[in-house]
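Below, chains carry the letters A, B, ... as their sequence lines are ordered, and counting in each starts from 1. None of these values were measured; they are calculated from a predicted model.
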Number of protein chains: 2
Amino acid sequence: MWSNHINYYLSMRTHELVLGWIEKQLSDGHLVLGGRLPAERALAEQLEVSRTSVREAIRILEAMGLVRAGVGSGKDAGTVVIAEPATALGSALRLHVATQHLPVADIVETRVLLESWAVSRAKADAPELKEAARLLGEMDASPAVDDFLALDVAFHLALAEAAGNAVVSTIMGSLREAIEGYAAALTANLPDWDSTAHRLRSEHRAILEAVNDGDGGRAATLVAAHIEGYYREAGLGQAPAETRP
Amino acid sequence: MWSNHINYYLSMRTHELVLGWIEKQLSDGHLVLGGRLPAERALAEQLEVSRTSVREAIRILEAMGLVRAGVGSGKDAGTVVIAEPATALGSALRLHVATQHLPVADIVETRVLLESWAVSRAKADAPELKEAARLLGEMDASPAVDDFLALDVAFHLALAEAAGNAVVSTIMGSLREAIEGYAAALTANLPDWDSTAHRLRSEHRAILEAVNDGDGGRAATLVAAHIEGYYREAGLGQAPAETRP
DNA sequence: TAGTTGATGTGGTTGGACCACATGACATAG
DNA sequence: CTATGTCATGTGGTCCAACCACATCAACTA
């Protein structure tokens, strides 16, 4: 994309120039997490470009999970630097899945790969594991399907974070988000949700127990079987017509 | 982001509406790879929004590697659907690295993870391996440092593609792109490029040979050592001041 | 026939205007 | 003095109308 960090004499669209300026501010530490960009009008004047171009640049940064735009004044107002790479990557992946250039099966396989690695790497004393245990407790309260799935997401994410690799956690989260729609649709295929939920809960406990025991290999095996089993049972590859590519 | 596929009564920015419309066209197959979006003015009129909003949506899709905008008329003109998820993810990751929210070390570790898996999964008869072999031949011609590195990128990508998982290949490519700048800077730290290049070439051959032998385990071990060794030798974590965060 | 010229259609850019929203200062009624 | 309402201010969100640069193609011309 605008990988031309430097202002080559090459043709460069105006919003790319703005993007470059902002990226430099980020790299140089003049813009930090939680910091606010200059107002659109001010930035436009400062860079001697139109407000339109500034806005296009901000739209891109927003899509990448780097900033959040808020109207009004005070606290939540203005364009603020955030750090949400997962939602950004998730959207991108989801769109490419929509064009059928990233098979859902490949996404699932990648998720298995990353999550297996994560649990095999997780330290038994990682604080995220306590959170994971707490989430399991909530899942025992027989929540509604939607709530159960939300807790499931949080549980798996907590496991991934216990490995201590931010990139793996981020990618895991975005993969999950990219096929969220699929997962929800697939759940409708399940013949007996109650028994499935019961099985999932016990599998979750087994995985967490393996991690807590420091048995990474066992945890990896269990988590791989857990994920693959779910998608197989839900009928990945035999989705109903309205969700089939 | 605009994960609201449906037009909730919630406030929805106009460009998100456009985004949703385009995504639906993609999902429904009305827009296919290589196809062209309606002209900005036409789309604006059709959706009853301003051209500005249409343009903001297109900027986002462009940033995600889903479309490419071209001026003029005829062949390369108009906004056409492409499929370049790697560049998109790469840009996003690079920006988040710039904000120091994704450690370079984590990126390298993730790359090792994915690439190890890829070579252990690669089939010995994958056509990409022939391409990889050809690239190795080119690297023997003692190219300049920049060319060597470009060939190196292509070689590793070919290896990754041999595993047949589009998501893994894509993420690999984007990880590579995200730290491209770092890698180039690190290379300057190398004490003796000629001997390093010689070593890299022989390691490449050993990896490819292991894959061709169908010995995935050996290939994985070799590729992990290869990547980690390079970054260690180049001094990851002790970059010169101008590249240090 | 060969070359030039202009019409057409595309994205790129700009300036200005207005809106919705959130805040804070200020005036006013109680 | 307090509480309430009102208005000025600053933010992003949206729209419009115009112009530019560029690439193609058809019509015209030498």
Side-chain angles (χ1 to χ4, degrees), chain A residues 1-2 4 7-22 31 34-82 84, chain B residues 1-2 4 7-22 31 34-82 84:
Chain A
M1 196 172 320
W2 70 98
N4 341 331
N7 285 13
Y8 283 108
Y9 42 85
L10 299 173
S11 81
M12 193 179 196
R13 281 127 102 212
T14 311
H15 74 264
E16 294 178 303
L17 182 147
V18 180
L19 235 14
W21 184 88
I22 297 178
L31 264 179
R36 288 171 46 162
L37 265 69
E40 294 178 355
R41 293 168 178 82
L43 193 49
E45 189 178 8
Q46 179 179 343
L47 300 183
E48 297 184 289
V49 300
S50 72
R51 192 182 158 205
T52 309
S53 299
V54 171
R55 282 181 60 79
E56 289 189 358
I58 291 180
R59 280 292 84 73
I60 293 175
L61 294 175
E62 196 181 31
M64 295 203 171
L66 259 147
V67 304
R68 181 210 57 203
V71 294
S73 84
K75 180 179 161 299
D76 271 344
T79 304
V80 180
V81 178
I82 61 177
E84 292 182 354
Chain B
M1 197 172 317
W2 71 97
N4 338 333
N7 284 15
Y8 282 107
Y9 43 87
L10 299 172
S11 81
M12 192 180 196
R13 284 128 102 210
T14 310
H15 74 264
E16 295 178 284
L17 183 148
V18 180
L19 235 13
W21 184 89
I22 297 179
L31 264 178
R36 289 170 47 163
L37 265 69
E40 295 178 354
R41 294 167 177 84
L43 193 49
E45 189 177 8
Q46 179 179 342
L47 299 184
E48 297 184 287
V49 300
S50 72
R51 192 182 161 207
T52 309
S53 300
V54 171
R55 281 181 61 79
E56 289 190 358
I58 290 179
R59 281 291 84 72
I60 294 175
L61 294 175
E62 196 180 32
M64 295 204 173
L66 258 147
V67 303
R68 182 207 55 203
V71 293
S73 83
K75 180 176 161 299
D76 271 342
T79 305
V80 341
V81 179
I82 61 177
E84 293 182 353

With Val54(A) as reference, evaluate Ile22(A), Leu43(A), Thr79(A) under the side-chain contact (heavy atoms from CB on, under 4.5 Å) test and give the passing residue.
Leu43(A)
Quick one, Glu62(A) with Arg13(B), criterion side-chain contact (heavy atoms from CB on, under 4.5 Å). Give me CA distance, side-chain angles, the key distance, then yes/no.
CA-CA 13 Å; Glu62(A) 196 181 31; Arg13(B) 284 128 102 210; 2.5 Å; yes
Tell me the bend of the helix from dT1(C)-dA30(D) to dG30(C)-dC1(D) as the angle between end helix axes, each from five pairs, rounded to the nearest 10 degrees.
30°
With heavy atoms under 4.0 Å as the rule, sort Arg68(A) into base, sugar-phosphate or nothing.
nothing
When we call it a touch if two heavy atoms are under 4.0 Å apart, what does Ala77(A) touch: a base, just sugar-phosphate, or nothing?
nothing
Could I get the full list of salt bridge (charged side-chain N to carboxylate O under 4.0 Å, His left out) partners for Glu84(A), not counting sequence neighbours?
none
Across all chains, not counting sequence neighbours, the side-chain contact (heavy atoms from CB on, under 4.5 Å) partners of Ser50(B) are Thr52(B), Ser53(B)
Could you tell me if the side chain of Arg68(A) sits less than 4.5 Å from the side chain of Asp76(A), heavy atoms only?
yes
Is His15(A) close to Leu19(A) at the side-chain level, that is, under 4.5 Å between some pair of heavy atoms?
yes
Please list, by residue number, the residues of residues 45-58 of chain A whose heavy atoms come closer than 4.0 Å to an atom of DNA chain D; answer none if no residue qualifies.
Arg51(A), Arg55(A)
For the student: nearest non-hydrogen atoms of [X] and [Y], plus distance:
X        : Y        : result
Val67(B) : Ile82(B) : O-CD1, 3.6 Å
Ala63(B) : Ile60(A) : CB-CG2, 3.6 Å
Gly34(B) : Val80(B) : O-CB, 4.4 Å

Please list all pairs passing the salt bridge (charged side-chain N to carboxylate O under 4.0 Å, His left out) test where one or both residues lie in residues 45-57 of chain A, with sequence neighbours left out.
Glu40(A)-Arg51(A), Glu40(A)-Arg55(A), Arg55(A)-Glu56(B), Glu56(A)-Arg55(B), Glu56(A)-Arg59(B)
Can you tell me the distance, in whole Å, between the CZ atom of Arg41(B) and the P atom of dT8(C)?
15 Å
In whole angstrom, what separates Leu17(A)'s CG from dT14(C)'s C1'?
15 Å
DNA chain C: Gly74(A) or Arg13(A), which has the more 5' nearest nucleotide?
Arg13(A)
Taking only side-chain N and O atoms of Ser73(A), does any of them lie within less than 4.0 angstrom of OP1 or OP2 on dC21(C)?
no
Check every nucleotide of DNA chain D for an atom under 4.0 Å from a heavy-atom of chain A, then give the first and the last such nucleotide from 5' to 3'.
dG10(D) to dT14(D)
